[in-house]
Amino acid sequence: MLRTVGRVAADETRLAHIHTKFDGYVERLFVDFTGKEIRKGQPLLSIYSPELVSTQEEYLVALRAREGFMKSPFPEVASSGNSLAESARRRLKLWDISEDQIKSLEQSGQPQKTLTLHSPYEGFLLERMVYKGMNVMPGMALFKLADLSVVWIYADIYEYELPLIRLGQVAVVKLTYLPAEIFTGKVIYIYPSLDPKSRTAKVRL
């Protein structure tokens with residue numbers, strides 16, 4: 001049996017960046033410190049965007065116009081009314097405006113000054129790159145989340161022990177801060193290079 005030490009890290013395949021698809025100004029932050037657990041659908045921040053307000057107004061105008069066009073005896077006129085409304089609606093959806101938010105807009109008939117951005121994922125907040133009053137642009141990363149239900153462990157294996165390691169091999173893991181708990185993992189990657197000083201290779205569990 002081999003014994004070694006390791007380092008726990010987030011699974012890179014379970015990392016997620018949250019960003020906005022329109023520009024605006026952060027009016028309120030609902031998540032303001034790293035390490036916080038985030039639930040899917042949880043509000044993260046509210047953004048004021050003149051562009052978003054304008055698109056909401058366009059959508060409401062298109063809905064009112066559609067009602068008038070539907071009364072036309074000409075099918076092509078009625079069809080154009082539908083196309084105009086659907087085009088504005090698609091723009092809202094492309095900006096990640098939820099169905100509930102669009103329905104609220106339709107019912108109220110009033111554009112919302114700010115949009116609340118909800119988390120599309122769940123996990124723990126690793127990084128927060130946004131602050132109250134900050135100007136955000138499309139594509140800008142705002143938050144970095146990690147799903148820690150599965151983690152990676154990087155273990156150091158001496159060169160002479162490497163022949164004993166194989167992919168899929170099961171390992172028993174103990175953590176110093178949870179001495180009564182025993183975890184299991186498996187070898188998923190053996191790094192192809194050695195540290196020239198320690199003569200060890202990294203193995204990922």
Side-chain angles (χ1 to χ4, degrees), residues 10-149:
D11 181 342
E12 293 176 4
T13 65
R14 294 171 179 263
L15 297 176
H17 285 89
I18 298 176
H19 57 273
T20 181
K21 296 178 180 177
F22 51 86
D23 62 350
Y25 299 87
V26 178
E27 290 220 338
R28 185 178 178 187
L29 275 174
F30 301 105
V31 177
D32 55 3
F33 64 91
T34 57
K36 184 178 180 66
E37 185 175 7
I38 306 297
R39 298 296 183 187
K40 186 174 182 180
Q42 179 176 333
L44 299 174
L45 77 172
S46 61
I47 299 177
Y48 165 64
S49 169
E51 188 177 16
L52 178 61
V53 172
S54 176
T55 302
Q56 290 180 82
E57 291 171 343
E58 289 177 13
Y59 181 53
L60 293 173
V61 169
L63 289 179
R64 289 192 289 268
R66 183 175 65 179
E67 293 179 6
F69 289 159
M70 291 298 289
K71 299 175 183 178
S72 172
F74 303 102
E76 59 273 14
V77 174
S79 176
S80 67
N82 279 326
S83 299
L84 189 64
E86 283 303 314
S87 177
R89 196 177 202 279
R90 276 195 301 271
R91 285 183 64 190
L92 293 172
K93 293 289 290 181
L94 288 173
W95 283 341
D96 294 332
I97 313 303
S98 70
E99 283 290 343
D100 287 343
Q101 289 170 316
I102 293 177
K103 287 179 181 178
S104 176
L105 172 65
E106 293 171 349
Q107 291 170 358
S108 68
Q110 295 293 326
Q112 298 295 312
K113 179 188 173 186
T114 60
L115 168 76
T116 299
L117 184 66
H118 297 80
S119 177
Y121 315 105
E122 61 180 60
F124 289 86
L125 182 61
L126 294 187
E127 294 181 42
R128 175 175 66 93
M129 293 79 82
V130 62
Y131 301 89
K132 185 176 179 180
M134 185 175 176
N135 176 216
V136 295
M137 305 294 290
M140 180 186 295
L142 307 180
F143 302 96
K144 181 179 179 181
L145 300 184
D147 175 3
L148 300 180
S149 60

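Treat the numbers as computed from the prediction; the structure is a model and nothing was measured.
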Sequence neighbours excluded and cut-off under 3.5 Å, please list the side-chain donor-acceptor pairs for residues 113-124, or say none.
unit_1: His118; atom_1: ND1; unit_2: Thr116; atom_2: O; d: 3.3
unit_1: Ser119; atom_1: OG; unit_2: Tyr121; atom_2: N; d: 3.2
unit_1: Ser119; atom_1: OG; unit_2: Tyr121; atom_2: O; d: 2.5

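- In terms of the side-chain hydrogen bond (donor to acceptor under 3.5 Å, both in side chains) criterion, Arg128 has no residue partners (sequence neighbours excluded).
- If you take CD on Glu106 and NZ on Lys103, they are separated by 8.5 Å, rounding to the nearest 0.5 Å.
- Within the 4.5 Å cutoff, the side chain of Val31 has heavy atoms near those of the Leu125 side chain.
- Scanning for side-chain hydrogen bond (donor to acceptor under 3.5 Å, both in side chains) contacts around Ser108 gives an empty result, with sequence neighbours left out.
- Side-chain contact of Ser54 with Glu51: a donor-acceptor pair under 3.5 Å is absent, judged by distance alone.
- Checked against side-chain hydrogen bond (donor to acceptor under 3.5 Å, both in side chains), Asp147 has the following partners two or more places apart in sequence or in another chain: Arg14, Ser149.
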Only pairs under 3.5 Å count here: list side-chain donor-acceptor contacts from residues 18-29, not counting sequence neighbours, and write none if there are none.
unit_1: Thr20; atom_1: OG1; unit_2: Phe22; atom_2: N; d: 3.3
unit_1: Thr20; atom_1: OG1; unit_2: Phe22; atom_2: O; d: 3.2
unit_1: Lys21; atom_1: NZ; unit_2: Asp96; atom_2: OD1; d: 3.3

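- In this structure, CD on Gln112 lies 5.5 Å from OG on Ser104, to the nearest 0.5 angstrom.
- The shortest distance between side-chain heavy atoms of Leu105 and Gln56 falls below 4.5 Å.
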request  = Quick one: do Arg89 and Glu58 satisfy salt bridge (Lys or Arg N to Asp or Glu O under 4.0 Å)? Show the steps, please.
outcome  = CA-CA 9 Å; Arg89 196 177 202 279; Glu58 289 177 13; over 6 Å; no

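- Atoms CG and CG, from Leu145 and Leu148 in turn, are 10.0 Å apart once rounded to the nearest 0.5 Å.
- The shortest side-chain heavy-atom distance between Met129 and Met134 does not fall under the 4.5 Å cut-off.
- Scored by the side-chain hydrogen bond (donor to acceptor under 3.5 Å, both in side chains) test, Gln110 finds no partners at all (sequence neighbours excluded).
- Interatomic distance, Trp95 CH2 to Gln101 CD, rounded to the nearest 0.5 Å: 13.5 Å.
- Among all heavy-atom pairs drawn from Thr55 and Ala88, the shortest one is CG2-O, 4.2 Å.
- By the 4.5 Å heavy-atom criterion applied to side chains, Leu52 and Leu92 are counted as neighbours.
- Among Ile38, Thr34, Leu45, the single residue meeting the side chain to side chain contact (heavy atoms under 4.5 Å, CB included) criterion with Phe143 is Leu45.
- The closest side-chain heavy-atom distance from Tyr48 to Pro50 is below 4.5 Å.
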